[in-house]
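These numbers come from a predicted model, not from an experiment. Chain letters run A, B, ... following the sequence lines, proteins first, then strands; residues in each count from 1.
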Amino acid sequence: MSQGPELIITEKDNAARRIADILSGGSAEAERTRGVNVYTWGGRRCIGLSGHVVGVDFPPEYDDWRDVEPVELIDAPIDKRPTQENIVSALRLLARTAGRVVIATDYDREGELIGKEAYELVREVDDDVPIDRVRFSSITEREVTEAFATPDDLDFDLAAAGEARQIVDLVWGAALTRFLSLSARQLGDDFISVGRVQGPTLKLIVDREREIEAFDSEDYWELFADLAKGDSDAGDDPDGAFEAQYFYHDDDGTEAERVWDEGAASGAYETLETASTATVDSVRRRTRTDDPPAPFNTTQFIRAASSLNYTAQRAMSIAEDLYTAGYITYPRTDNTVYPDDLDPRELLDAFVGTRQFGDDAESLLDREEIDPTEGDEETTDHPPIHPTGELPGAADLDDDEWEVYELVVRRFFATVADPATWEHLRVVAAVASEGEDLLLKANGKRLVEPGYHAVYPYSSASESFVPDVREGEELTVTDTSFEAKQTQPPRRYGQSRLIETMESMGIGTKATRHNVIQKLYDRGYIESDPPRPTRLAHAVVEAAEEFAERVVSEEMTAQLEADMQAITRGDATLEDVTRESREMLEEVFEGLMESGEAVGDHLRESLKADRTVGACPECGSDLVIRQSRQGSYFIGCDAYPECTRTLPLPSTGKPLLLEETCNDHGLTQVKMLAGRKTFVHGCPLCQAEAADAQEDRVIGACPDCGTDHGGELAIKQLRSGSRLVGCTRYPDCDYSLPLPRRGDLEVTDGVCEEHDLPELRITYDDEDRESWALGCPICNYREYQAEQAGGSELESVSGIGEKTAEKLQNVGIDDVPSLKEAEPDAVADRVDGVGPDTVREWQAKAD
DNA sequence: GCAAGGTC
């Protein structure tokens with residue numbers, strides 16, 4: 001019987017720290033073993049893994065894609081290998097001296113598997129140390145103490161269910177991915193992948209695009225009238241004016257607003273236009289309650305953050321940081337029911353007295369009863385996302401982090417707030433006509449009790465005004481309008497809508513869905529935001545639909561889920577499930593191998609179509625986007641070397657082909673993706689022709705070589721679309737200054753005394769945009785560089801992000817010295833959302 | 001270098 005210390009293993013470091021803290025009563029100390037935190041106290045040690053620390057893969061002899069037929073992967077052996085060497089070796093080291101081991105990974109299927117992986121690593125070094133499993137729904141004193149008092153055994157069936165998933169996913173994913181990549185001869189970084197989750201996700205996007213492409217729009221008309229109360233001059237009482245819409249009852253008696261026949265529409269409009277009054281036909285008032293939202297799970301959090309313009313990736317990355325810093329709970333959760341041990345009053349109390357949340361917290365605490373909302377999903381691994389009650393100082397977070405933190409806090413507030421009450425008012429008025437009366441309707445709504453809207457400003461609480469009227473009342477028609485419209489195709493999925501749909505289809509998990517979307521971007525399957533599928537994506541989905549329908553269908557996940565449950569219950573084994581799945585894949589390959597060539601051709605054609613800009617003006621072949629050996633992009637003729645026609649592209653960014661084409665040349669418009677510097681380059685041939693037509697405008701002597709070689713500075717328009725002031729002796733002299741890409745450049749009479757160059761001015765064709773003085777190009781460039789440095793200087797103070805730096809600059813604080821000299825109260829008065837304490841914190845940090 | 005699932 002071993003006497004060594006007890007070793008507790010958790011899924012992540014954060015959980016290890018908190019559990020050690022609870023079990024040790026705060027006395028645990030962190031030590032480092034092989035670079036991994038180990039929390040130690042009394043006779044116990046606690047180590048956190050990093051999720052899976054071992055992974056499944058084929059043996060190395062299967063690594064070369066060309067040497068192995070993809071079909072051989074179906075029955076290839078599968079190994080488990082450490083993927084996190086340092087954690088694995090720390091675990092082995094600690095296990096050698098342990099007298100007892102307790103697995104305390106997350107309470108879900110994947111957690112059970114991670115626990116079993118730890119179990120096997122321990123068993124490698126000690127085959128008889130007792131190993132227990134503890135399960136708890138949240139890391140709180142009560143739950144954790146109770147779980148450790150009543151230890152259980154690992155559930156090997158549950159873990160096997162997870163292993164079956166690993167094997168099925170690897171075999172299908174790897175075999176099909178290699179097959180498609182080989183058939184299209186795409187073996188580098190641009191391989192062509194498919195899998196159980198990315199497949200159906202991609203099909204979702206492609207199917208929507210097919211609907212859009214097949215959509216035929218229809219014409220229809222809508223009629224509106226402005227109505228006003230009162231017998232007096234209606235125009236004197238704008239408060240009483242409201243808009244009403246014409247409607248009718250169609251054949252089956254349902255209400256309709258769209259008029260599909262132009263003749264009928266203009267007939268009705270003639271009557272409406274000539275009418276001076278309408279009589280109130282009916283008034284209906286209803287009171288509706290608007291319940292506060294459920295607590296945040298990952299998907300709903302991403303959705304709310306996306307309405308604040310965060311991408312799914314960005315929102316999760318910020319949430320991760322807030323979690324690691326201790327301000328919010330674990331951000332990857334399906335749970336929408338707060339655990340019993342969350343005391344809303346206690347959590348609200350934590351916000352009392354704070355500048356941003358104090359008043360709202362107090363007003364929520366003021367009520368007799370606090371009853372949090374609940375969603376439909378209740379799980380055992382993590383609570384819904386909520387603030388921990390540990391508050392960040394204003395300087396601890398940058399602007400984006402603060403905005404997301406506030407969202408999480410206010411969502412918690414909303415879930416414990418009261419419902420809102422709306423009053424809906426529907427008015428129907430009739431305009432007399434020779435035939436049947438014309439009907440007009442207006443729907444008003446008024447927020448009577450703001451309820452949760454008072455603390456949660458993210459969901460719409462906009463009102464629409466319709467005045468109090470009574471039946472039979474005469475209203476004045478003050479204006480009418482007749483609008484020709486067209487039915488619109490369905491909209492593309494946005495990222496958060498895609499994630500919601502994946503969730504409802506049961507594909508992916510809370511921790512992976514946003515990564516799957518990123519993967520589709522990385523593979524060249526989707527572009528832009530909202531994502532639009534490439535031709536390659538269409539081809540991959542088409543190939544899968546024909547030969548491997550399962551891998552683009554949600555059915556595969558549903559079946560796997562059922563199989564995993566059978567394994568968990570003990571009704572099936574891992575071997576049963578994986579054997580059956582392999583057999584199915586064998587069948588898929590029978591069809592696929594016969595048509596491999598055709599599939600490959602189609603994929604290659606689509607890849608080319610994604611890069612094709614249009615017809616070569618020289619020879620009529622395709623102009624395609626290519627990459628030079630240095631990595632820069634250009635457009636070249638596909639008939640190269642017979643045709644050597646090329647067109648340059650801007651040096652910044654990655655080209656994206658837009659849907660619009662150039663009216664003059666029929667070439668596709670190009671957009672350059674470069675993060676915040678993204679811009680539309682337009683038609684590459686127009687750009688090149690414009691540059692050829694524009695002569696260089698000499699403005700003075702070159703400061704580098706003017707004296708020695710007589711070089712001159714000229715304004716140049718490059719064929720790649722950029723504009724600069726550069727030396728006429730280029731390439732012998734490469735002196736150059738950047739100029740803005742947009743606007744017309746005017747050389748003024750003003751002269752810079754320092755550099756003896758004319759001052760420049762930028763004007764725009766667009767009348768709404770004001771022209772501005774760029775000045776001497778050398779001075780301008782110098783200022784630009786100083787500005788870059790200045791901006792980043794304020795941002796070097798922790799807690800000041802780009803937006804805050806901008807606000808501070810607006811009140812004259814443009815560098816660190818001026819920030820330090822500033823009077824905190826004065827700054828707080830003038831800068832929105834900043835308090836004097838915050839300014840003092842910045843000043844302290846700036847020292 | 002393939003998947004999907006953990007975590008960072």
Sugar-phosphate, base or nothing in reach of F179(A), heavy atoms under 4.0 Å: nothing
Sugar-phosphate only, base, or nothing, as touched by G55(A) at under 4.0 Å among non-hydrogen atoms: nothing
Touch class at under 4.0 angstrom, heavy-atom based, for Q84(A) against every strand present: base
Sugar-phosphate only, base, or nothing, as touched by R178(A) at under 4.0 Å among non-hydrogen atoms: base
Interatomic distance, L560(A) CG vs dA3(B) P [rounded to whole Å]: 17 Å
Contact list for DNA chain B against residues 536-549 of chain A - heavy-atom distance below 4.0 Å: none
Test side-chain contact (heavy atoms from CB on, under 4.5 Å) applied to Q565(A) - qualifying residues, sequence neighbours left out: E561(A), R569(A)
Below 4.0 Å: OP1/OP2 of dT7(B) and any side-chain N or O of Y330(A): yes
Ion pair R178(A)/E72(A), N-O distance below 4.0 Å: no
Qualifying residues under side-chain contact (heavy atoms from CB on, under 4.5 Å), relative to A20(A), sequence neighbours excluded: A28(A), Y39(A), W41(A), C46(A)
Value in whole Å for how far the C1' atom of dT7(B) lies from CG of D321(A): 13 Å
D522(A) CG - dA4(B) C1' separation (whole Å): 15 Å
Whole-Å distance separating the CG atom of D79(A) from the C1' atom of dA3(B): 16 Å
Any residue of residues 56-75 of chain A with a heavy atom less than 4.0 Å from an atom of DNA chain B: V56(A), D57(A), F58(A), D63(A), D64(A), W65(A)
Pairs flagged by salt bridge (charged side-chain N to carboxylate O under 4.0 Å, His left out) wherever residues 315-329 of chain A is involved - sequence neighbours left out: E320(A)-R332(A)
Residue met sooner reading DNA chain B from 5', once D13(A) and R165(A) are mapped to nucleotides: R165(A)
By side-chain contact (heavy atoms from CB on, under 4.5 Å) - contacts of S581(A) (at least two apart): V168(A), W172(A)
Side-chain donor/acceptor pairs under 3.5 Å, residues 377-393 of chain A, sequence neighbours excluded:
residue : atom : partner : partner atom : Å
T379(A) : OG1  : D381(A) : OD1          : 2.9
T380(A) : OG1  : Y107(A) : O            : 2.9
D381(A) : OD2  : K510(A) : NZ           : 2.6
H382(A) : NE2  : D106(A) : OD2          : 3.0
T388(A) : OG1  : G326(A) : O            : 2.7
T388(A) : OG1  : Y327(A) : O            : 3.1
T388(A) : OG1  : E390(A) : N            : 3.2

Pair E120(A) + K116(A): basic N to acidic O under 4.0 Å: yes
Partners meeting side-chain contact (heavy atoms from CB on, under 4.5 Å) with R185(A) (sequence neighbours left out): R604(A)
Salt-bridge contact E163(A)-K80(A) (side-chain N to carboxylate O under 4.0 Å): yes
Separation of atom CG in L520(A) from atom C1' in dA3(B), rounded to whole Å: 13 Å
Can you give the donor-acceptor pairs under 3.5 Å from side chains of residues 49-58 of chain A to other protein atoms, not counting sequence neighbours?
residue : atom : partner : partner atom : Å
H52(A)  : ND1  : E117(A) : OE1          : 3.0
H52(A)  : ND1  : E117(A) : OE2          : 3.0
H52(A)  : NE2  : E110(A) : OE2          : 2.9

Q166(A) side chain near dA3(B) phosphate (N/O to OP1/OP2, under 4.0 Å): no
Sugar-phosphate, base or nothing in reach of T177(A), heavy atoms under 4.0 Å: sugar-phosphate
Counterpart residues, side-chain hydrogen bond (donor to acceptor under 3.5 Å, both in side chains), relative to T105(A) (two or more places apart): R133(A)
Whole-Å gap separating P (dC8(B)) and CD (E11(A)): 9 Å
side-chain hydrogen bond (donor to acceptor under 3.5 Å, both in side chains) partners for H514(A), two or more places apart: none
Under-4.0 Å side-chain N/O to phosphate OP1/OP2 contact, T509(A) with dA4(B): no
Closest contact, heavy atoms only, L603(A) versus A539(A): CD2-CB, 3.8 Å
dC8(B) phosphate, OP1 or OP2, under 4.0 Å from S317(A) side-chain N/O: no
Rounded distance in Å - CG (L170(A)) to C1' (dA3(B)): 6 Å
D106(A) vs R196(A), nearer the 5' end of DNA chain B by closest nucleotide: R196(A)
Nearest-nucleotide pick for K12(A), side chain only, options being dA3(B), dT7(B), dA4(B): dT7(B)
Length of the line joining H52(A):NE2 and dA4(B):C1', which is rounded to integer Å: 9 Å
N/O (side chain, S193(A)) to phosphate O (OP1/OP2, dC2(B)) under 4.0 Å: no
Those residues of residues 563-579 of chain A lying under 4.0 Å from DNA chain B by at least one heavy atom: none
